[in-house]
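Since the structure comes first, as structure tokens, the remarks are kept for the end.
Convention: sequence-line order gives letters A, B, ...; per-chain numbering from 1.
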Protein chains: 2
Amino acid sequence: MADGTAERARPRDRILETAQDMFHKHGIKGVGVDAITEAAGTNKMTLYRHFESKDDLIIECLRATACKGAAIWDAFEAEYPGDKLAQLHAWVRKAADMLNADSRGCDMANAAIELSETDHPARRVIKELKEAQRDRLVSLCRDAGVGQAELLADTLSLLLEGARVSMQSVGAEGPSAQFVRMAEGLIASFRVR
Amino acid sequence: MADGTAERARPRDRILETAQDMFHKHGIKGVGVDAITEAAGTNKMTLYRHFESKDDLIIECLRATACKGAAIWDAFEAEYPGDKLAQLHAWVRKAADMLNADSRGCDMANAAIELSETDHPARRVIKELKEAQRDRLVSLCRDAGVGQAELLADTLSLLLEGARVSMQSVGAEGPSAQFVRMAEGLIASFRVR
DNA sequence: TGCAGAAGTTACAGACCGGTAACACCCTAG
DNA sequence: CTAGGGTGTTACCGGTCTGTAACTTCTGCA
């Protein structure tokens, strides 16, 4: 499937990349380690030589996904250096683009829903990573000069989270279609205060 | 466990009630039919005499849950007959109450995330039920006299959906803690227009 | 070239899953 | 009292799951 690019990477990286993709598409409980290793062009033993367990692999996948997300944030700063308000608008546009390009939502949120056991080792990691994202959005809102930065950031967070899950239950023509309008309206109304 | 009240109900009803509860708490893929029948005080054969398959049971559970949700809506009309704006505020309060009382979110959204196969029979039902809820909220907003009723209803929908999933990933102290403030602020800002 | 470590292969263990067959039971309606 | 339908019980099927053992093959490096 995804041979060309990552076929010559090391087995561990191929497994990590493939697992991220398959967990995202089919859910964590919807894909087994055999399927992952086969799609990654390797085998189960090699997976268990690099990862303690499936749970460990799940955690590493979440960290890797969060890492990619952080790179997107860095791109905002690179594109609009110092202009925090422009970066906030770029965040809205990027979120909408990702909504349109992919209907499987946020891996961390999906994992939290699938892994309902409250003591699952991945839960701690999910919370940490989500809190980091929240802090980053709060900082961006604050530095953009809006009043009540925390409230705006939290509102935008919930809107995006809701849009991502709404995409999966009612589809792209549902409430999530209005995400950009909602987010821009919110930012505007917080600025005038 | 939940003997006293429903122990003397008919097996089909006990299974349906127990399955709703267990699917809600542990997720659909997190509980097997054996566990359901045991908790319902019956056995697997009886389950398969009343339901074609686990998928069929899932669908019936979702319908039953939606039915309970509809009853909550009826209670708003009963409590504030004719006063649609009061009903809208009651909806916000009720949503917040349910957020505080339970951290496992919306069964339909969770099911949509867990059942990632796009052709899963439950997906159609989930979409139908979610669209019905959306229509009802749009009507309530319109009858409450706010401008852009659809946009307000969709925004409130996404906020609530986001709050329910945020509860599960970051916990009750995360962005979802501000749900009431956000929702009330939104309603106010839509009214003045 | 030779060697060590990484990677592949095969087979398996033990558990759980959804779903079915065959049969015994009980309770109620006639 | 009896017949029959709903229910309970046990055993089983084939499949899938995570995880491991033992062995062979490949590869990179000195």
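Residues of residues 113-125 of chain B that place a heavy atom closer than 4.0 Å to DNA chain D do not occur.
Applying the side chain to side chain donor-acceptor pair (under 3.5 Å) criterion to Glu184(A), with sequence neighbours excluded, gives His89(A). For Lys25(A), the side chain to side chain donor-acceptor pair (under 3.5 Å) partners two or more places apart in sequence, or in a different chain, are Asp21(A). In this structure, the side-chain contact (heavy atoms from CB on, under 4.5 Å) partners of Ala153(B), at least two apart in sequence or on a different chain, are Leu137(B), Val138(B), Cys141(B). Under the rule for a side chain to side chain donor-acceptor pair (under 3.5 Å), Arg63(B) has no partner lying at least two apart in sequence or in another chain. Looking at residues two or more places apart in sequence or on another chain, you find no side chain to side chain donor-acceptor pair (under 3.5 Å) involving Arg123(B). Every residue two or more places apart in sequence or in another chain that forms a side-chain contact (heavy atoms from CB on, under 4.5 Å) with Thr155(A) is listed here: Leu151(A), Leu186(A), Leu159(B), Met182(B).
Dashed line: the shortest gap from a side-chain N or O of Thr42(B) to OP1 or OP2 of dT7(D) is not under 4.0 Å. Within the structure, every side-chain polar atom (N or O) of His50(A) is placed at least 4.0 Å from both OP1 and OP2 of dA6(C). Between Thr46(B) and dG8(D) there is a side-chain N or O to OP1 or OP2 distance below 4.0 Å.
Legend: side chain to side chain donor-acceptor pair (under 3.5 Å) pairs involving residues 91-115 of chain B, not counting sequence neighbours, sorted by first then second residue: His24(B)-Asp102(B), His24(B)-Asp107(B), Tyr80(B)-Arg93(B), Arg104(B)-Gln168(B). Each side chain to side chain donor-acceptor pair (under 3.5 Å) pair with one or both residues in residues 65-77 of chain B, not counting sequence neighbours, appears once here: Glu17(B)-Lys68(B), Gln20(B)-Thr65(B), Asp74(B)-Arg136(B), Glu77(B)-Lys84(B), Glu77(B)-Gln87(B).
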>> At under 4.0 Å between heavy atoms, how does the protein contact nucleotides 21-29 of chain C? Give one character per nucleotide, 5' to 3', with B, S or -.
In response: BB-------

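A salt bridge links Arg164(A) to Glu161(A): at least one charged side-chain nitrogen sits closer than 4.0 Å to a carboxylate oxygen. Classification of Glu150(A) and Arg142(A) as a salt-bridged pair holds, one side-chain N sitting under 4.0 Å from a carboxylate O.
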Is there any protein nitrogen or oxygen under 3.5 Å from a nitrogen or oxygen in nucleotides 26-30 of chain D, and what are the pairs?
none

Each nucleotide N or O in nucleotides 15-18 of chain D that has a protein N or O under 3.5 Å away: list the pair and distance.
{"residue": "dT18(D)", "atom": "OP1", "partner": "Lys54(A)", "partner atom": "NZ", "Å": "2.8"}
{"residue": "dT18(D)", "atom": "OP2", "partner": "Val33(A)", "partner atom": "N", "Å": "2.8"}

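Counting to the nearest Å, the P atom of dA7(C) and the CD1 atom of Ile15(A) are 9 Å from each other. Across the protein-nucleic acid pair, Arg10(B) atom CZ and dG5(D) atom P stand 15 Å apart, rounded to whole Å. Put simply, CG on Asp13(B) is 15 Å from P on dG6(D), counting in whole angstrom units. Residue Phe51(A) contributes atom CZ, which lies 15 Å from atom P of dT20(D) at whole-angstrom precision. The distance from atom CG of Leu47(A) to atom P of dT9(C) is 15 Å, rounded to the nearest whole Å. Taking atom CD of residue Glu38(A) and atom P of nucleotide dG8(C), one finds them 13 Å apart after rounding to whole Å.
The nearest pair of heavy atoms linking Val31(B) to Lys54(B) is O-NZ, 3.0 Å. The minimum heavy-atom distance between Phe179(A) and Ala95(A), with the atom names listed, is CE2-CB, 3.8 Å. In terms of heavy-atom proximity, Arg14(B) sits nearest to Gly41(B) at NH2-O, 3.1 Å.
Side-chain contact annotation: Asp56(A) with Ser53(A), donor-acceptor N/O pair under 3.5 Å absent.
Between Glu52(A) and Arg12(B), the residue anchored closer to the 5' end of DNA chain D is Arg12(B), taking for each the nucleotide with the nearest heavy atom.
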